[in-house]
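Below is one structure; the comments refer to it alone.
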2 protein chains.
Amino acid sequence: MAPTPPTVPVLLDLTIDNITPNTNRINAQCADPRLRYLMERLVTHLHDFARETRLSTDEWMAALNFLVACGQISSDVRHEFILLSDILGLSLLIDSINHPKPAASTEGSVLGPFHTHDAPPLPNGSRMSADPAGEPLLCVCTVRDTRGNPVAGATVDIWETDSSGHYDVQHADRGAPSERCVMVSDDRGRFWFRAIRPVSYPIPNDGPVGSLLERLGRHCWRPAHLHFMFAKEGWDRLVTALYMRGDPYETTDAVFGVKASLIVDLDRVDAATAKEYDAPELEGAWLLRHDFVLVSEEETAALRDRNAEEALAKLGLGKLRLVDHLPVPELD
Amino acid sequence: MAPTPPTVPVLLDLTIDNITPNTNRINAQCADPRLRYLMERLVTHLHDFARETRLSTDEWMAALNFLVACGQISSDVRHEFILLSDILGLSLLIDSINHPKPAASTEGSVLGPFHTHDAPPLPNGSRMSADPAGEPLLCVCTVRDTRGNPVAGATVDIWETDSSGHYDVQHADRGAPSERCVMVSDDRGRFWFRAIRPVSYPIPNDGPVGSLLERLGRHCWRPAHLHFMFAKEGWDRLVTALYMRGDPYETTDAVFGVKASLIVDLDRVDAATAKEYDAPELEGAWLLRHDFVLVSEEETAALRDRNAEEALAKLGLGKLRLVDHLPVPELD
């Protein structure tokens, strides 16, 4: 049954107390039930925030100007709003809601603002960092399912900073992509590559988000890590990262990304390993071994739905149902 | 007593359920108690919004890109975030919180994004609209206090659209300001000027906010009005507007600005009035008479504090006190 078009409310003499239901009523003209629900929750929270803080006109204007500044510093290679979402814990939350992980699988971590779509496809064994100042690191990884079977043909986006703690896109003179690549797992689920040992680095702090962190008395550092993103049809996209144990920012990551299961110990490349991966020059260099475990899309969707239903039932927001896996209010 | 520096929490293994208190704990390092409170409320609402809607990764990214687009279309003469705040009812709410009006005074209305700081000071009787296509309108106004005494020397910013429904700043070839001016009330509290009869107009709908309104099934029109902003030391700044009775958008203003007390009837200039205001060419033209009533800063501050205390007591957010008229949590 199509929803009955709501009557347009009379918008007159709006006050602190009646502006919220009236805004929601006029937005209820929206034909898309999901967008209607999103707007109803957004407006309610936004207005409650203003009422609870008695937000001053100066604070309101400062906030709007902050948002303009975030938009204006953003570009093809910088997304200040992702950074803002990251430091407010929202990115971690969105990832956790959308990519729940069964116990046997690899946990997710924040995507961050530095993934690009121009990373070169490279064959196994390639060098993905051109930085001669970095400490060489051989990474030897596998991709498996939760029962331990290899997953062949998964594409793996990999990206890290150079030894100065900057991603390629942070260099004004960036020509070609560097410190990033896309690999494909082989028929035994393996992929391996030459990288550099990651270093801790500050997130971009020359913009509005950096100023906010400073006013909050927070540092802007992330512990050393290597980003990974796995994709293969039928498998839930895995965005994750591996963190180097012992980093001084291990438990105070500015963007809340670290999970204990993602903290790794580096080893040294021995002669047998150097030979096996045809990397004689790396004998004695850093070695990172890791096995990643993917979850099927089907299993993830079922878990996400179950989590959503349980959480919504506890919230007392009225009768909701999942449509395309996303909650919308039940029509009576 | 200075507040005890909070212990930095260990940020590890953050989840849907523990990300909010942990984000709030790390933000609690902020030395400014007001900013601490604003952030605590902001993060809590933002996270609750994501949890209640199970916001999808695609929706999250669409929202962040929407915010970038709002920032990028903004300029010295366009503030898309004010427009967004307007259509979400937030601007009306902020104005109502900050400028409560005792019964005897003129109500406020939304500032909108079209006030500028380059309007020319003009003497009484001046023509503030250069648009020959507009219907001439003589405005004859007074500024008084709540006991009826004239308020002399108040500066009055006045702005309206041209007859096509556009503010000067919406024209790409804008040279000098037009359809705007700053007047000063005379010793009898009077100010008068030549304008044009306001017309209804769409708010700028070629940007992200216009697209949002369309997706919500809302129109983007404002009823015909004339903006006024009054300032004088010791008096609460009054941002308001007068709306023409009978406008087709009178009760569906896209930005929620209309109040019954601000809807006015136009009259016609008679011979005596034309003579009194030295405007013989305007005999028979439209006439707008209005008396504005200002409230002292002191009275407004007291009323705002009382409203805040009453509202906060009802919210059950714990013990709050007003510092510089703005709520912050009590330290035990």
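Since we're looking at a predicted model, the values are computed, not measured. Lettering follows sequence order; numbering is per chain, from 1.
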Where does [X] contact chain A at under 4.5 Å (heavy atoms): side chain, backbone, both or neither?
{"X": "B/Glu107", "result": "side chain"}
{"X": "B/Asn24", "result": "neither"}
{"X": "B/His325", "result": "neither"}

State, to 0.1 Å, how close [X] and [Y] come at their nearest heavy-atom pair, and which atoms those are.
{"X": "A/Glu250", "Y": "B/Leu12", "value": "O-CD1, 4.2 Å"}
{"X": "B/Phe49", "Y": "A/Arg41", "value": "CD1-CB, 3.7 Å"}
{"X": "B/Ile94", "Y": "A/Ala50", "value": "CD1-CB, 4.0 Å"}
{"X": "B/Leu326", "Y": "A/Arg54", "value": "CD2-O, 3.6 Å"}
{"X": "B/Ile19", "Y": "A/Gly89", "value": "CG1-O, 3.6 Å"}
{"X": "B/Leu312", "Y": "A/Arg51", "value": "CD2-O, 4.3 Å"}

With respect to chain A, which residue among [options] yields the maximal number of heavy-atom pairs within a distance under 4.5 Å?
{"options": "B/Val43, B/Val328, B/Leu38, B/Leu46", "answer": "B/Leu38"}
{"options": "B/Asn22, B/Leu88, B/Asp48", "answer": "B/Leu88"}
{"options": "B/Thr15, B/Leu315, B/Leu55", "answer": "B/Leu55"}
{"options": "B/Leu322, B/Asp95, B/Asp253, B/Ile82", "answer": "B/Ile82"}
{"options": "B/Leu35, B/Leu111, B/Leu320", "answer": "B/Leu35"}
{"options": "B/Asn65, B/Leu93, B/Val258, B/Leu84", "answer": "B/Leu93"}

Give, for atom [atom1] of [X] and atom [atom2] of [Y], the distance between the pair rounded to the nearest 0.5 Å.
{"X": "A/Asp13", "Y": "B/Thr251", "atom1": "CG", "atom2": "OG1", "value": "11.5 Å"}
{"X": "B/Ser75", "Y": "A/Gln72", "atom1": "OG", "atom2": "CD", "value": "8.0 Å"}
{"X": "B/Phe256", "Y": "A/Leu14", "atom1": "CZ", "atom2": "CG", "value": "7.0 Å"}

Exercise. State, with a plain yes or no, whether a side-chain heavy atom of B/Asn98 is found less than 4.5 Å away from one of A/Trp60.
Key: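 Heavy-atom side-chain distance check fails, nothing below 4.5 Å.
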Quiz item: Heavy-atom distance under 4.5 Å between the side chains of B/Ser85 and A/Leu64, does that happen here?
Solution: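 Side chain of B/Ser85 against side chain of A/Leu64, heavy atoms only: contact under 4.5 Å found.
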Quiz prompt | A/Leu92, part contacting chain B, at a heavy-atom distance under 4.5 Å | solution = side chain
Exercise. Test B/Arg34 against A/Thr53 for side chain to side chain contact (heavy atoms under 4.5 Å, CB included), laying out the working first.
Key: CA-CA 9 Å; B/Arg34 173 65 178 167; A/Thr53 59; 4.1 Å; yes
Under 4.5 Å, counting heavy-atom pairs only, tell me which of [options] racks up the most with chain B.
{"options": "A/Gly257, A/Ser261, A/Ser96", "result": "A/Ser96"}
{"options": "A/Lys259, A/Arg304, A/His45, A/Met39", "result": "A/His45"}
{"options": "A/Leu262, A/Ile263, A/Asn307, A/Thr20", "result": "A/Asn307"}
{"options": "A/Ala311, A/Ala63, A/Ser74", "result": "A/Ser74"}

Show which side-chain atoms of residues 207-220 of chain B pair as donor or acceptor with protein atoms under 3.5 Å away, not counting sequence neighbours.
{"from": "B/Ser211", "atom 1": "OG", "to": "B/Gly207", "atom 2": "O", "distance (Å)": "3.3"}
{"from": "B/Arg218", "atom 1": "NH1", "to": "A/Asn27", "atom 2": "OD1", "distance (Å)": "2.7"}
{"from": "B/Arg218", "atom 1": "NH1", "to": "B/Ile87", "atom 2": "O", "distance (Å)": "3.0"}
{"from": "B/Arg218", "atom 1": "NH2", "to": "B/Ile87", "atom 2": "O", "distance (Å)": "3.2"}
{"from": "B/Arg218", "atom 1": "NH2", "to": "B/Ala254", "atom 2": "O", "distance (Å)": "2.9"}
{"from": "B/His219", "atom 1": "ND1", "to": "B/Trp221", "atom 2": "N", "distance (Å)": "2.9"}
{"from": "B/His219", "atom 1": "NE2", "to": "B/Thr252", "atom 2": "O", "distance (Å)": "3.1"}
{"from": "B/His219", "atom 1": "NE2", "to": "B/Thr252", "atom 2": "OG1", "distance (Å)": "2.8"}

Exercise. Apply salt bridge (Lys or Arg N to Asp or Glu O under 4.0 Å) to B/Asp17 and list each qualifying residue two or more places apart in sequence or on a separate chain.
Key: none
